[in-house]
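Lettering follows sequence order; numbering is per chain, from 1.
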There are 2 protein chains.
Amino acid sequence: MAGRPRSFDRDTALAAAVEQFWRSGFEGTSIAMLTGAMGVTPPSLYAAFGDKETLFAEASAEYFRRTCEGVDRATALPTAREAVARMLEDTARAHTAASTPPGCLMLTEPRLAAQRADVQERLRRRLDRGVRDGDLPAGTPTDRLATFLVAVMRGMSGCARDGGTTEDLLAIAETAMTALPAPQR
Amino acid sequence: MAGRPRSFDRDTALAAAVEQFWRSGFEGTSIAMLTGAMGVTPPSLYAAFGDKETLFAEASAEYFRRTCEGVDRATALPTAREAVARMLEDTARAHTAASTPPGCLMLTEPRLAAQRADVQERLRRRLDRGVRDGDLPAGTPTDRLATFLVAVMRGMSGCARDGGTTEDLLAIAETAMTALPAPQR
DNA sequence: CTCTTTCTGTAGCGATCACTATGGATTGCG
DNA sequence: CGCAATCCATAGTGATCGCTACAGAAAGAG
């Protein structure tokens with residue numbers, strides 16, 4: 001029943017694919033780049049991950065999973081203001097980390113609009129909770145605010161890809177924070 | 001001395017190339033797509049515009065020229081606040097115009113970082129003038145503010161590419177305006 | 001008209017794209 | 001061991017990439 005075991009670690013190879021797609025996007029990444037980065041020959045890649053689209057779906061899902069961990073940690077903070085501030089700071093640092101490609105795969109890749117909408121929705125729900133908790137004034141347009149914040153994070157990603165530093169992105173984050181309505185008193 | 005005249009209008013063909021690059025970016029646009037959109041065969045394209053990089057340089061320069069017209073109109077407004085508001089509104093409408101592809105070529109294309117830096121610099125200079133005119137408080141971090149505003153516009157472009165409406169982008173613009181320091185009194 | 005110059009269309013160049021057929025290598029099971 | 005199952009490496013599929021050689025068509029100069 002059991003055949004020859006595969007000679008590479010699937011999770012390690014997937015992580016390499018994530019980084020490659022992160023760096024070059026879906027269209028900019030060729031199978032040859034993937035096999036090189038993953039240390040796997042084309043037939044092994046196709047046997048283990050399916051075609052390029054399927055591999056990208058799995059890689060972007062893994063990326064999204066990691067992203068959501070950070071988002072959940074941020075949204076767990078006591079106030080909406082702290083949650084948003086943490087989220088923007090995390091974004092600034094993650095997009096400019098030396099150990100990973102600049103920018104954000106999820107915010108850059110055209111075909112990941114659904115993931116972006118998901119994050120935006122999580123953000124909006126946290127803002128809604130902030131309104132209920134009194135962190136934000138009643139009547140705060142949480143939907144518009146969430147749309148704005150996702151746009152800002154997308155801009156941060158682009159800035160990082162253009163060579164922007166952590167400080168540049170943190171400055172954007174701080175400036176964006178001034179758009180949050182002051183807490184009700 | 002004079003040979004056979006070319007059978008197409010160079011400016012019209014260039015405009016078609018601009019739109020094609022605008023829609024699909026540099027890497028996403030093939031010569032076949034360009035020749036199709038421009039109504040020109042490959043040898044004519046190469047004779048009139050050079051290779052793909054050269055054509056893109058000319059097309060993006062043309063796009064940039066049009067963009068700067070709008071930027072200049074906005075920066076000519078009497079106050080920095082009006083200038084920024086106009087610029088963001090123009091951006092919201094331009095990125096969602098029905099007659100052109102969604103989003104912005106200059107803000108989306110990775111290789112146009114120099115043009116982005118140029119616009120950011122123009123914006124910063126207008127903000128500096130605002131400080132001198134008293135439109136903005138003394139000590140306003142105009143450089144950080146300009147970086148922020150370019151990031152927001154880039155986010156608006158991405159939002160438009162994801163299907164965002166003019167209203168969505170105008171909401172982002174309005175929210176971003178609240179990050180501008182109140183005028184000195 | 002001929003000659004030169006320039007443009008146009010066909011057709012195809014080598015390279016790379018995503019992807020796979022084939023055959024040998026490596027495992028567990030009996 | 002033999003057998004079935006699974007994976008690996010070579011090599012190559014047709015399609016498309018950016019780009020161009022070639023030959024015919026259309027203009028002015030003489």
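With distances taken from any side-chain atom of Lys52(B) to the nucleotides dT20(C), dT27(C), dC19(D), the minimum falls on dC19(D). Here the nucleotide nearest the side chain of Ser30(A), chosen from dC17(C), dT8(C), dT27(C), is dC17(C). Of all nucleotides listed (dG9(C), dC19(D), dT6(C)), dG9(C) comes nearest to the side chain of Pro43(B).
Within the structure, salt bridge (Lys or Arg N to Asp or Glu O under 4.0 Å) pairs that include any residue of residues 4-16 of chain B comprise Arg10(B)-Glu58(B) (at least two apart or interchain). Among residues at least two apart or in separate chains, salt bridge (Lys or Arg N to Asp or Glu O under 4.0 Å) pairs with a member in residues 38-53 of chain B are Glu53(B)-Arg111(B).
Atom-to-atom, CE of Met38(B) to P of dG18(D) comes out at 13 Å; the value is rounded to the nearest Å. Taking atom CZ of residue Arg6(A) and atom C1' of nucleotide dA25(C), one finds them 16 Å apart after rounding to whole Å. The nearest whole Å value for the distance from the CZ atom in Arg10(B) to the P atom in dT6(C) is 16 Å. One atom, CD1 of Ile31(A), and another, P of dT20(C), lie 10 Å apart when rounded to the nearest Å. For the pair Met33(A) CE and dC17(D) P, the interatomic distance rounds to 18 Å; values are reported in whole Å. Separating the CG atom of Asp51(A) from the P atom of dC17(C) is a distance of 16 Å, rounded to the nearest angstrom. The distance from atom CZ of Phe8(A) to atom P of dT6(D) is 15 Å, rounded to the nearest whole Å. Taking atom CG of residue Leu34(B) and atom P of nucleotide dT16(D), one finds them 17 Å apart after rounding to whole Å.
Under the 4.0 Å criterion applied to side-chain N and carboxylate O atoms, Arg124(B) and Glu121(B) are assigned as salt-bridge partners.
Between Tyr46(B) and dT20(D), a side-chain N or O to OP1/OP2 separation shorter than 4.0 Å is absent. Using a 4.0 Å cut-off, no side-chain N or O of Ser7(A) falls inside it from OP1 or OP2 of dC7(D).
Counting non-hydrogen atoms under 4.0 angstrom, Pro42(A) reaches a base of the nucleic acid. Thr29(B) comes within contact range of the sugar-phosphate backbone alone, with a heavy-atom separation under 4.0 Å but no base atom that close.
Comparing Val40(A) and Arg4(B) along DNA chain D, the residue whose closest nucleotide (by nearest heavy atom) sits nearer the 5' end is Val40(A). In terms of position on DNA chain D, the residue among Ser44(A) and Glu53(B) whose nearest nucleotide sits closer to the 5' end is Ser44(A).
A 6.0 Å sphere centred on CZ of Arg81(A) holds more than 12 heavy atoms belonging to other residues, nucleotides or ligands.
The OG1 atom of Thr29(A) sits 13.5 Å away from the CH2 atom of Trp22(A) when rounded to the nearest 0.5 Å.
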